[in-house]
Amino acid sequence: YRAALDVELPKLGQYNGDVMVVKGNVQIPLTLFKAGFFDFKATELISVPANVLPDLYPQSKTVRELLPEYGLEINQLARYLGFGFIMLPSNGQEISFVQRAKDLGIAPDCMAISGCTPPFHEDFFKKGFDFQQYFEDVIKKEMREEYKLLPHEFTLGKSYLVDDRGSNNPFVAIEIITPL
C-alpha cells in the first residue's frame with residue numbers, strides 16, 4: 001500500500017516532503033526520526049487502502065480497522081509531528097481560527113487553528129544543534145507567510161504537547177500573542 005501511494009498521491013498534487021515522525025509514546029523528551037509525508041499517509045487511521053489497491057485490501061476498511069488484523073499498534077505508525085498555532089490577537093483578548101482549504105491532505109475544509117509541519121533538518125544529529133532556535137525560525141517563517149507578521153509584532157506564549165490519537169497526529173500547540 002505504501003509503494004502504491006508514491007504513484008497515486010502525486011496525481012492528487014501531494015508532495016512526499018520530509019517530516020519528523022514521533023517514535024514511541026508522545027512524551028518529553030520526544031524521540032523523532034526522519035520519514036516522508038507519504039509514510040504518514042500510508043498509516044493514516046482514516047485511510048482506506050482498498051481505494052488505492054482494491055484487489056489486496058477489504059473494501060471500505062480503514063487503517064484503524066485493519067491494525068488489529070495485522071497485529072499492529074498505533075505507536076508503530078508514522079505519526080508526524082506538527083505545530084498548531086493558537087493565534088491570540090488583541091494581546092490575548094481574542095482567539096483566531098482559519099478556514100482550511102478543501103484540497104488539503106490533512107483535515108480539509110474545516111475551522112481550525114493554523115499550523116505547519118516543521119521539516120526534518122539534516123543537522124539535527126550534529127553536536128551543538130540549536131533546536132530552540134530552529135523551531136523559533138520555523139515559527140517566524142510561518143507567521144510571516146500565513147499572517148504577514150514580522151518577528152517584532154508577536155511573542156510566543158506557552159506551548160502544549162498534544163497526543164491527538166484521533167487524527168494520529170501529535171503536535172505542539174504554541175500560543176502566538178500579538179497586539180494586532
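Here the structure is a predicted model, which is why all the values come from computation and not from measurement. As a basis for the values below, the full set of heavy atoms in this structure was taken, side chains included, without hydrogen atoms, waters or symmetry mates.
- With rounding to the nearest 0.5 angstrom, the CZ atom of F154 is 14.0 Å from the CG atom of N91.
- To the nearest 0.5 Å, atom CD1 of residue I174 and atom SG of residue C116 are 7.0 Å apart.
- The shortest distance between side-chain heavy atoms of L66 and E69 falls below 4.5 Å.
- One distance of note links CG of D137 with CD of Q132; it measures 10.5 Å at 0.5 Å rounding.
- A heavy-atom distance below 4.5 Å is not found between the side chains of D39 and V21.
- Note on V138 and F129: same hydrophobic cluster, where clusters join Ile, Leu, Val, Met, Phe, Trp and Tyr whose side-chain heavy atoms are under 4.5 Å apart, directly or indirectly.
- Across all non-hydrogen atoms, the minimal contact from E142 to G115 is OE1-O, 4.1 Å.
- Taken from CE in M143 to CD1 in I176, the straight-line distance is 4.5 Å, to the nearest 0.5 Å.
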*asked:* Apply side-chain contact (heavy atoms from CB on, under 4.5 Å) to residues L72 and T43 and explain how you reach the verdict.
replied: CA-CA 11 Å; L72 297 172; T43 60; over 6 Å; no
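- Listed for the D18 side chain is no donor-acceptor partner under 3.5 Å among the backbone atoms of F120.
- In this structure, A112 and R100 approach most closely via the heavy-atom pair CB-CD, 3.6 Å.
- Taking every heavy atom of both residues into account, P118 and F135 meet most closely at CB-CE2, 4.2 Å.
- Counting only residues at least two apart or in different chains, side-chain hydrogen bond (donor to acceptor under 3.5 Å, both in side chains) contacts with residues 112-128 comprise K34-E122, S114-Y147, D123-K126.
- The 12-atom threshold is exceeded at NZ of K140, counting heavy atoms of other residues, nucleotides or ligands nearer than 6.0 Å.
- Checked by atom type and distance alone, the side chain of T178 pairs as donor or acceptor with a backbone atom of E153 at under 3.5 Å.
- One distance of note links OG1 of T31 with CG of N25; it measures 9.5 Å at 0.5 Å rounding.
- With values rounded to the nearest 0.5 angstrom, N169 atom CG is found 7.5 Å from E44 atom CD.
- For I113, the side chain to side chain contact (heavy atoms under 4.5 Å, CB included) partners are I86, F97, not counting sequence neighbours.
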- request: Begin from the C-alpha positions of F124 and F131 and carry the test ring pair (Phe, Tyr, Trp, His ring centres under 6.0 Å) through to its verdict.
  value: CA-CA 8 Å; F124 276 166; F131 283 94; 5.2 Å; yes
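- Residues D163 and V22 are not in side-chain contact: their nearest non-hydrogen atoms beyond the backbone lie 4.5 Å or more apart.
- Transitive grouping of hydrophobic side chains (ILVMFWY, heavy atoms separated by less than 4.5 Å) keeps I177 and F85 in distinct clusters.
- For the pair L45/T62, no side-chain contact is recorded, criterion being any heavy-atom separation below 4.5 Å from C-beta on.
- Annotation: side chain of V26 is in contact with side chain of L161 (closest heavy-atom distance under 4.5 Å).
- Of the possible donor and acceptor atoms, none in the side chain of E94 sits under 3.5 Å from a partner among the backbone N and O of P89.
- Residue-environment remark: CZ (F125) exceeds the threshold of 12 foreign heavy atoms within 6.0 Å.
- Of all non-hydrogen atoms in A50 and S60, the two that sit nearest each other are CB-N, 4.3 Å.
- Shown here are the side chain to side chain contact (heavy atoms under 4.5 Å, CB included) partners of F171, two or more places apart in sequence or in another chain: V162, D164, A173.
- Under the 4.5 Å side-chain heavy-atom criterion for grouping Ile, Leu, Val, Met, Phe, Trp and Tyr, I139 is connected to L180 within one hydrophobic cluster.
- Below 30°, between 30° and 60°, or above 60°: for Y57 and Y1 the angle between ring planes is above 60°, a perpendicular geometry.
- Taking the side chain as every heavy atom from C-beta outward, L67 and L77 approach each other to under 4.5 Å.
- L12 and V63 end up in the same hydrophobic cluster when Ile, Leu, Val, Met, Phe, Trp and Tyr side chains are linked at under 4.5 Å.
- Across M87 and L149, no two heavy atoms sit closer than the pair CE-CD1, 4.0 Å.
- Note: the hydrophobic cluster containing Y70 also contains L53 (ILVMFWY, side chain heavy atoms under 4.5 Å, direct or indirect links).
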